[in-house]
Student: 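I have a structure here, written as structure tokens, and I will follow up with some questions on it.
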Amino acid sequence: MSGHGPAQPMTARRSGPLKGRAEIPGDKSISHRALILGAMAVGETQITGLLEGQDVLDTAKAMRAFGAEVIQHGPGAWSVHGVGVGGFAEPAEVIDCGNSGTGVRLVMGAMATSPLTATFTGDASLRKRPMGRVTDPLALFGTRAYGRKGGRLPMTLVGAADPVPVRYTVPMPSAQVKSAVLLAGLNAPGQTVVIEREATRDHSERMLRGFGAELTVEAGPEGQIITLTGQPELRPQTVAVPRDPSSAAFPVCAALIVEGSEILVPGVSRNPTRDGLYVTLLEMGADIAFENEREEGGEPVADLRVRASALTGVEVPPERAPSMIDEYPILSVVAAFAEGSTVMRGVKELRVKESDRIDAMARGLEACGVRLEEDEDTLIVHGMGRVPGGATCATHLDHRIAMSFLVLGMAAEAPVTVDDGSPIATSFPAFTDLMAGLGADLAAG
């Protein structure tokens, strides 16, 4: 059973201007998918720039457990010798996915249409998260799931021995659910169809095509229709993982609110299904320049030059939520330093992330002297241009909550402490060193 060690409190104090170059780690979403599709290809896939946070390392371990050969050759450089679609072996041990909702849901999808049984668990946070949103559509293929009350981990999946193709409309905007169904569809005969009422991040579609799957995307009256032809022979690839826009959000937002800052963040993904935060920051008046725009590994990327800015509150349209769902916690911090109110609607998905992120951010912001309003699907932050700070904020084992409040402390009038900074290692293990290198005042305790 995955556990969690002693809490590691961290404190951020008001920083001088942040300066320099922020080398962001590889994109987490693409890293997970590169390992999984590499394991489902025939032959050896080479990956550079792989994020080596704990979430991704847990997915690498899972692929080894299913029979793929996964080797690290150096920092960010990995190879995966795959077993082919339908070639997974039955794992001998429980698959521990740690803190990663993406990892567990995608791996469940990848194994769901093979005739084998696997048991999944995770840390205390992951064991609270609902898996029914994935196991329900996987059941349509013939997969059976046995878990705790409420569809929670630990959970055993019995893969479909004779899978059937599925036509499934995703009931909520979720790239994890969409991707799990598409991965399951790889080993089902005929065509599996996924319909999205609202488009979500499209890394799975891009990468499936890159590995040789036959996949089409078209607009229809029901929404976006994604059609995958099953039982392909996936071809191994060379995957260059771009830098993670969700991780880049933390130094970018810190530079915007810490007076006198100017930083360069090179090689960040500009995938339009992940770009909502940056669109919103520009609307707020952020001084962000996108330089050297190019394409790497099938993804658009750019270098971001960011300068401290006077910001104004805005209303974020709910239809933008899927393209920035992980960035609302750090946006709420930026909103606290803006002038006027920032209204975030259509964000109920935040309540079933690593924590209830709306509640976690609301309670911590209030403790730091920020006025706000919330309901089930909305967070409104009333910015004052300044934040008193001086509080200890609960992270609830959530890496993005921890990093968001540490960024707040870099610009607040009094230090801000988080009760546990250790979850940061799941997605951005270099966060503390990177921010300190830019001039941030961060310390343990």
Student: Got a salt bridge between Arg274 and Glu299, using NZ or NE/NH1/NH2 to carboxylate O under 4.0 Å?
Tutor: no
Student: Using a 4.5 Å cut-off on heavy atoms from C-beta on, say whether the side chain of Ser332 contacts that of Met344.
Tutor: yes
Student: Could you give me the CA-CA distance, side-chain angles and deciding distance for Leu126 and Phe120, then say whether side-chain contact (heavy atoms from CB on, under 4.5 Å) is met?
Tutor: CA-CA 11 Å; Leu126 190 60; Phe120 297 86; over 6 Å; no
Student: Is it the case that over 12 heavy atoms from other parts of the model lie below 6.0 angstrom from the CD atom of Glu293?
Tutor: yes
Student: Hey, are the side chains of Phe66 and Val83 touching, using non-hydrogen atoms and a 4.5 Å cut-off?
Tutor: no
Student: From Lys61 NZ over to Gln54 CD, what is the distance, rounded to the nearest 0.5 angstrom?
Tutor: 6.0 Å
Student: With heavy-atom distances below 4.5 Å as the criterion, would you say the side chains of Ile424 and Leu406 are in contact?
Tutor: yes
Student: For the backbone of Pro91 and the side chain of Glu93, can you confirm whether one donor and one acceptor N or O come within less than 3.5 Å of each other?
Tutor: no
Student: Cationic tip of Arg357 within the cone over Tyr328's six-membered ring, i.e. under 6.0 Å and within 45° of the normal?
Tutor: no
Student: side-chain contact (heavy atoms from CB on, under 4.5 Å), that's the test. Do Val177 and Arg105 meet it? Break it down for me.
Tutor: CA-CA 7 Å; Val177 175; Arg105 289 172 176 142; 5.6 Å; no
Student: Can we say Asp377 and Arg351 salt-bridge, meaning some charged N sits less than 4.0 Å from an Asp/Glu carboxylate O?
Tutor: no
Student: Restricting to non-hydrogen atoms, name the atom on Val418 and the atom on Ala402 that form the minimum distance, rounded to 0.1 Å.
Tutor: CG1-O, 3.7 Å
Student: How far apart are the closest heavy atoms of Thr200 and Ser174, and which atoms are they?
Tutor: CG2-N, 3.5 Å
Student: Any Lys/Arg nitrogen of Glu23 or Arg243 sitting under 4.0 Å from an Asp/Glu carboxylate oxygen of the other?
Tutor: yes
Student: Please identify which of these residues, Arg294, Arg21, Arg270, meets the salt bridge (charged side-chain N to carboxylate O under 4.0 Å, His left out) condition with Asp303.
Tutor: Arg294
Student: So, Thr273 side chain and Asp202 main chain: donor-acceptor pair closer than 3.5 Å or not?
Tutor: yes
Student: Are the side chains of Arg197 and Val170 in touch, meaning some heavy atoms are under 4.5 Å apart?
Tutor: no
Student: Is there a donor in the side chain of Lys178 and an acceptor in the side chain of Ser204, or the other way round, less than 3.5 Å apart?
Tutor: no
Student: Within the structure provided, determine whether Leu186 and Thr113 are in side-chain contact (heavy-atom separation under 4.5 Å).
Tutor: no
Student: Nearest 0.5 Å please: distance from the CG atom of Leu379 over to the CG atom of Leu350.
Tutor: 8.5 Å
Student: Does a donor on one side chain sit under 3.5 Å from an acceptor on the other, for Ser427 and His399?
Tutor: yes
Student: Any chance CD of Glu319 has more than 12 other-residue heavy atoms, nucleotides or ligands included, within less than 6.0 Å?
Tutor: yes
Student: If you count the non-hydrogen atoms of other residues, nucleotides and ligands that lie under 6.0 Å from CD in Glu90, is the total more than 12?
Tutor: yes
Student: Working note: Arg129 + Asn99, criterion side-chain contact (heavy atoms from CB on, under 4.5 Å); need CA distance, chi angles, decisive distance, verdict.
Tutor: CA-CA 10 Å; Arg129 299 180 66 182; Asn99 186 250; 5.9 Å; no
Student: With no hydrogens and no angle check, do the side chains of Ser269 and Asn271 hold a donor and an acceptor under 3.5 Å apart?
Tutor: no
Student: Is there side-chain contact between Leu281 and Val252, with at least one heavy-atom pair below 4.5 Å?
Tutor: yes
Student: Should Leu434 and Leu438 count as side-chain neighbours, where that means a heavy-atom distance under 4.5 Å?
Tutor: yes
Student: Any idea which heavy atoms bring Asn187 and Ser114 closest together, and the distance?
Tutor: ND2-OG, 3.8 Å
Student: How far apart are the C-alpha atoms of Leu331 and Val381, what are their side-chain angles, what is the distance that settles it, and do they pass the side-chain contact (heavy atoms from CB on, under 4.5 Å) test?
Tutor: CA-CA 10 Å; Leu331 176 62; Val381 176; over 6 Å; no
Student: Val347 versus Val316: any side-chain heavy-atom pair under 4.5 Å?
Tutor: no
Student: For Ser247 and Phe428, which heavy atoms make the closest approach, and how far apart are they?
Tutor: O-CE1, 3.5 Å
Student: Hydrogens and angles aside, do Gln176 and Thr102 bring a side-chain donor and acceptor to less than 3.5 Å of each other?
Tutor: yes
Student: Using the ring of each side chain (for Trp, its six-membered ring), is Phe250 parallel, tilted or perpendicular to Phe431, with breaks at 30° and 60°?
Tutor: perpendicular
Student: Are the charged groups of Arg363 and Glu374 less than 4.0 angstrom apart, N to O?
Tutor: yes
Student: Which heavy atom of Met410 sits nearest to which heavy atom of Ala254, and what is that distance?
Tutor: SD-CB, 4.1 Å
Student: Looking at every non-hydrogen atom in both residues, tell me the closest pair between Val241 and Ser31 and how far apart they are.
Tutor: CG1-OG, 3.7 Å
Student: Should Asp326 and Arg201 count as an ion pair when the cut-off is N to O under 4.0 Å?
Tutor: yes
Student: Establish, from distance only, whether the side-chain atoms of Asp419 and Thr395 form a donor-acceptor pair under 3.5 Å.
Tutor: yes
